[in-house]
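Below, chains carry the letters A, B, ... as their sequence lines are ordered, and counting in each starts from 1. Predicted model, so just to flag it, every value in this text is computed and none were measured.
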Number of protein chains: 2
Amino acid sequence: MYSQPVDTRDKLIESTRELLWERGYVGTSPKAIQALSGVGQGSMYHHFSGKPELALAALRRSAELLRAEAERSLLGPGTAVERVTGYLRREREVLRGCRIGRMAQDPEVIADPQLRAPLAETFDWLRETITTVLAEGRSRGEVAPDLVPETTAATVLAVVQGGYVLARSADSAEPFRQAVDGLIALISR
Amino acid sequence: MYSQPVDTRDKLIESTRELLWERGYVGTSPKAIQALSGVGQGSMYHHFSGKPELALAALRRSAELLRAEAERSLLGPGTAVERVTGYLRREREVLRGCRIGRMAQDPEVIADPQLRAPLAETFDWLRETITTVLAEGRSRGEVAPDLVPETTAATVLAVVQGGYVLARSADSAEPFRQAVDGLIALISR
DNA sequence: GTCTATATTTGGATAGAC
DNA sequence: GTCTATCCAAATATAGAC
């Protein structure tokens with residue numbers, strides 16, 4: 001989930017990604033993006049029309065990287081439960097939260113269909129992917145037959161997103177781990 | 001979860017509560033609070049030293065009300081699973097999210113121990129309360145014996161908080177309901 | 001307690017030179 | 001493509017009168 005900026009556009013997008021993650025849309029100013037990226041005012045407005053366009057490019061890239069990262073655990077080797085467990089337990093910067101889920105709190109993002117789209121698409125894709133993993137696992141007998149793949153997939157996603165909220169509130173990664181452990185115990189029986 | 005403002009301080013706190021819910025800490029300006037409450041500049045700064053103090057009063061009140069609301073389902077009648085299910089399915093303004101959990105995304109709230117305290121305390125109390133409900137239910141045979149009360153309680157909280165994130169991202173309450181349904185199925189067997 | 005005036009900084013750009 | 005100058009509104013107060 002990291003890429004070294006090579007050109008000016010890239011530097012702007014990477015800096016915007018970091019600031020959106022840390023401070024959200026309303027908390028991210030063009031000036032801060034310029035300062036972090038080292039790109040000047042004129043240059044920034046040459047490459048992007050303004051803050052919304054920058055944010056859109058940043059969110060699209062974050063969504064793409066998040067998806068690639070999730071594929072590594074979900075579409076890798078192992079049984080269904082192992083793959084979902086791997087996804088839940090993969091290394092995360094728990095106290096920083098999710099680059100995508102974070103934006104769901106920003107009213108200006110949620111109100112703008114263009115800006116909201118990467119969020120909706122990312123979670124849709126994740127839910128479908130996890131649903132498929134669980135459904136296949138069930139047909140192979142790796143997963144309890146009474147477990148409903150689609151709703152369980154939504155539960156998995158919610159635990160991750162909610163785990164971040166609990167962790168940040170507690171200023172500790174512990175609640176995230178507890179929530180994940182509780183879920184893994186529930187789906188493993 | 002509603003109270004009619006009676007005096008000036010109350011009007012300010014209620015308006016701040018609404019704005020913090022809708023726009024977060026960084027997105028809430030003193031001017032907006034004055035406009036919504038109908039209280040003038042001078043009056044506002046007479047009652048509160050500034051935005052942090054207003055936010056603190058608002059968060060404390062929201063935490064108190066949220067706790068009272070949660071007690072209604074968690075400490076009411078019914079088996080352990082019924083009470084947790086009641087908590088999960090109680091009426092919520094899903095697309096508006098949680099007044100408390102919402103603030104976990106605000107770096108200025110998380111960085112300030114005073115402002116973060118209501119969040120940490122609320123989730124600690126909820127986790128402990130749900131843990132107790134599940135532990136008692138287990139000892140009564142209402143809950144599967146292999147279900148760990150503490151981690152499961154964290155999972156319950158995370159599903160609610162994460163459900164809000166998924167719902168707002170999708171601009172639909174459906175993912176919240178799916179996540180909750182998935183969890184209820186998991187703890188009911 | 002409340003009002004109006006004033007002040008400083010930041011947000012988010014546009015304009016035009018190089 | 002990039003730089004510097006300029007602009008106007010909003011954020012977040014403080015001061016002093018009533």
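In this structure, B:R23 is not positioned above the aromatic face of A:Y25 in the sense of NZ or CZ being under 6.0 Å from the six-membered ring centre and within 45° of the axis.
Atom pair A:L19:CG and C:dT10:C1' shows a separation of 15 Å (rounding to whole Å applied). Rounded to a whole Å, the NZ atom of A:K51 is 9 Å from the P atom of C:dG11. Between the CD1 atom of A:I33 and the P atom of C:dG11 there is a distance of 11 Å, rounded to whole Å. Per the geometry, OH belonging to A:Y45 stands 13 Å off C1' belonging to D:dC7, to the nearest Å. Look at CG on B:L54: it is 15 Å from P on D:dA11, rounded to the nearest Å. Atom CD of B:Q34 is separated from atom P of D:dA11 by 10 Å (rounded to the nearest Å). Between the CG atom of A:L12 and the P atom of C:dA13 there is a distance of 14 Å, rounded to whole Å. Atoms CZ (A:R23) and P (C:dT10) sit 12 Å apart, rounded to a whole Å.
Which of D:dC3, C:dC3, C:dG12 sits closest to the side chain of A:P30 comes down to C:dG12. You'll find that the side chain of A:T8 is closest to D:dT2, out of D:dA13, D:dT2, C:dT2. Side chain of A:S29, nearest nucleotide from C:dG12, D:dA13, D:dC3: C:dG12. Nearest to the side chain of B:Q41, among D:dT4, D:dG1, C:dT4, sits C:dT4. Nearest nucleotide to the A:H46 side chain, out of D:dT2, C:dG12, C:dG1: D:dT2.
Contact check, A:K31 against C:dG11: no side-chain N or O comes under 4.0 Å of OP1 or OP2. Within the structure, a side-chain polar atom (N or O) of B:H47 is placed less than 4.0 Å from OP1 or OP2 of C:dT2.
Place A:G27 and A:G42 on DNA chain C by their nearest nucleotides, and A:G27 ends up nearer the 5' end. Residues A:Y25 and B:G40 both approach DNA chain C. Their nearest nucleotides, taken by heavy-atom distance, put B:G40 toward the 5′ side.
Applying the 6.0 Å contact sphere to CD of B:Q114 captures no more than 12 heavy atoms from other residues, nucleotides or ligands.
Within the 4.5 Å cutoff, the side chain of A:R72 has no heavy atoms near those of the A:R90 side chain. Two residues are said to be in side-chain contact when any heavy atoms from C-beta on lie closer than 4.5 Å; A:L157 and A:R127 meet this criterion.
For the 3.5 Å distance criterion, the side chains of A:R92 and A:Y164 qualify, holding a donor opposite an acceptor.
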